[in-house]
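A short worksheet on the structure shown next.
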Amino acid sequence: MQENKSAKDPNSVEDLYQEEKEAFRDAISTVDEDGKRIWVYPKKPHGRYTRWRNIVSTVLLVILFSGPLIKISGEPLLLLNVFNRKFVIFGQVFWPQDFHLFALSLITLVVFIILFTAAYGRIFCGWICPQTIFMENVFRKVEYWIEGDYMAQKKLNKMPWNRDKILKKGTKHFIFLIISFVIMHTFISYLIGFENMVEIVQSPPSENLSGFMVMIGFTAAFYGVFSQFREQVCTTVCPYGRLQGVLMDRNSLVVAYDHVRGEQRQKLRKAEDRDAADLGDCIDCKQCVVVCPTGIDIRNGTQLECVNCTACIDACDNIMDRVGFKRGLIRYASESNISDHQPFRFTPRLKAYSAAMVLLIGVMISLLILRTDIETTVLRTPGLLYQEKSESSISNLYNYKVINKTNRELPLELRLENNPGKIELVGELSTVASQGVTEGAFFIILKRNALKKMSTKLKVGIYSDGKKLETVKTTFLGPSI
């Protein structure tokens, strides 16, 4: 009995066709078979999404560059000074003692990325990511302005070096260096503060050689990324694209090609009845390919190189308008929406992610609200037992450390909260400077008849101008009863 060879043979025509169709997934779009770089010349995009992305990018760039200059209660809007272990977010100062808040913030951010990507794909990459914003809305615009659109750029790169080419290339890269220089100064301002950055810039390089070399290094790094490395950051370095396969499913919203409506694709011919010929709306103009900044064909499906920049949507919509077809052949959609004509729905997985996200945000807000203005540590002096002050009194010696997290000086006072005993300071409890630290020692003295056991739980209140800032728990040791 003869077997159906085409159904069982792995080398059948259908299998070979399918393998060839999916072969694009075996390589990165910007690297050829020999491992050499394929330089991408994206066409300048036009359309509604491009206009909205330009607006969003402009707002984010204004916030980024003005951030170091904005002060809230005398503190910068954002400061991540890892050198002095001082962090300022919206004018609120955070110290290493607030590390639990930092850790919780990172956990919240990771869960947010998982939730957001599972629901909305890589919208972050296309609309908010600094790499995309700087590349497409700053450096690429300078390139279009000086060298022209993609065909003019190709022609310029192929032509021999002459006066025109040297002038255009030199001007472009000079402006790239200036922009990289500005980005570097902004980045440094977020690390050490705007005032310290200005001080380093105004000083001779010999007075702060290490700082000068760091600035040169950052400038070179930014220039190299945006003038040469470009989309390779997204396709080969950033792990976010590779996480798509884990985080996304058929219900995730992505920039997608409607293959149900678009296939079979074929060039548009005059007076052609495409319905009768069983042809789709895709006229194979390849405009979605030439505008892609990462060099992919979105019609092949979701790919790790796609950053959801929406340039292909605008390009396709423009062509659909010109040929009289309905817009949306390429659009924001899910695979379920395209293949099964199912609307976007909130799946159980998304509900679970959302519940975890709401819980973490609630805990985060609660911790920020309950965060005290000071951080106080009270410990019994190690190696010492109780001391008998008199026949009726017992004392313990304690060490204290107070960290002021505010931007103002705080006069401090210690009070015993839950016992009629008293506190005697060793020296004076001075005012704690803004964002300063003070340390010292004090005795707690209790009546012998108030001690019911060897270890007694005590509460010490820390006050400033009559207002209680914090309560610290400690223990008091006495003689055995």
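Note that the numbering runs from 1 along the sequence shown for the chain.
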message: Tell me if a side-chain donor or acceptor on T132 pairs with a main-chain N or O of C125 at a distance below 3.5 Å.
response: yes
query: Under a 4.0 Å N-O cut-off, is there an ion pair linking D317 with R48?
result: yes
query: Do the side chain of S252 and the main chain of G121 share a donor and acceptor less than 3.5 angstrom apart?
result: no
message: Between Q387 (side chain only) and L385 (backbone N and O only), is there a donor and an acceptor less than 3.5 Å apart?
response: yes
- prompt: Would you say the side chains of S203 and N208 form a donor-acceptor pair under 3.5 Å?
  reply: no
V40 and P293, any side-chain heavy atoms less than 4.5 Å apart: no
- prompt: Between E375 and K401, is there a salt bridge with N-O shorter than 4.0 Å?
  reply: no
- prompt: Any salt bridge between E143 and K141, counting N to O under 4.0 Å?
  reply: no
message: I'd like to know if R331 pairs up with D258 as an ion pair, taking the criterion as any Lys NZ or Arg NE/NH1/NH2 lying under 4.0 Å from an Asp or Glu carboxylate oxygen.
response: yes
- request: Indicate yes or no for a side-chain donor-acceptor contact from S393 to the backbone of K389 under 3.5 Å, with no hydrogens or angles considered.
  value: no
- prompt: Between T219 and S180, what is the shortest heavy-atom contact and its length?
  reply: O-CB, 3.7 Å
task: For atom CZ of F90, decide whether the heavy atoms of other residues, nucleotides or ligands shown that lie under 6.0 angstrom number more than 12.
output: no
query: What's the verdict on side-chain contact (heavy atoms from CB on, under 4.5 Å) for L446 and N419, showing C-alpha distance, side-chain angles and the deciding distance?
result: CA-CA 8 Å; L446 301 181; N419 200 289; 3.2 Å; yes
query: Between T438 and Y400, do the side chains contain an N or O donor and an N or O acceptor separated by less than 3.5 Å?
result: no
Under 3.5 Å donor-acceptor, Q153 side chain and G148 backbone: yes
Near-ring test Y398/F443, centroid separation under 6.0 angstrom: no
query: Heavy-atom distance under 4.5 Å between the side chains of F134 and V225, does that happen here?
result: no
message: Quick one about T381 and N399 (side-chain donor to acceptor, distance below 3.5 Å, no hydrogens or angles considered), yes or no?
response: yes
message: Taking atom CZ as the centre, does F181 end up with more than 12 heavy-atom neighbours from other residues, nucleotides or ligands that are less than 6.0 angstrom away?
response: no
- prompt: How about F139 and F176: are their ring centres within less than 6.0 Å of each other?
  reply: yes
message: Surrounding CH2 of W39 (heavy atoms of other residues, nucleotides or ligands, distance under 6.0 Å), is the total greater than 12?
response: yes
Side chain to side chain, M215 and I200, heavy atoms closer than 4.5 Å: yes
- prompt: Would you call V138 and L61 a side-chain contact if the rule is heavy atoms closer than 4.5 Å?
  reply: yes
field: Polar contact flag, side-chain donor to acceptor under 3.5 angstrom, T376-E470
entry: yes
message: Less than 4.5 Å apart, side chain to side chain, heavy atoms only: is that true for F229 and V237?
response: yes
- prompt: Is a side-chain donor-acceptor pair under 3.5 Å present for R250 with S336?
  reply: yes
- prompt: Would you say the side chains of T30 and Q232 form a donor-acceptor pair under 3.5 Å?
  reply: yes
query: Can we say K468 and E417 salt-bridge, meaning some charged N sits less than 4.0 Å from an Asp/Glu carboxylate O?
result: yes
query: Are the side chain of S464 and the backbone N or O of P411 linked by a donor-acceptor pair below 3.5 Å?
result: yes
field: Candidate list K168, K165, K169, test side chain to side chain donor-acceptor pair (under 3.5 Å), partner E147, passing option
entry: K169
task: Answer yes or no: are there more than 12 heavy-atom neighbours, outside K473 itself, under 6.0 Å from its atom NZ?
output: no
- prompt: What is the minimum heavy-atom distance between Y190 and P68, and which atoms define it?
  reply: OH-CD, 3.4 Å
message: Under 3.5 Å, is there a donor on one side chain and an acceptor on the other for D297 and Y257?
response: no
- request: Using the side-chain contact (heavy atoms from CB on, under 4.5 Å) rule, pick out the option among V432, V402, I403 that qualifies with V437.
  value: I403
query: Is a side-chain N or O of D314 found less than 3.5 angstrom from the main chain of T50, in a donor-acceptor match?
result: yes
message: Main chain of K43, side chain of D149: is a donor-acceptor contact present, judged purely on distance under 3.5 Å?
response: no
query: Any Lys/Arg nitrogen of E195 or K71 sitting under 4.0 Å from an Asp/Glu carboxylate oxygen of the other?
result: yes
- prompt: Counting only N and O atoms by type, is there a donor-acceptor contact under 3.5 Å from the side chain of R380 to the main-chain atoms of L384?
  reply: yes
- request: Using a strict 4.0 Å threshold on nitrogen-to-oxygen distance, state whether K422 and E424 make a salt bridge.
  value: yes
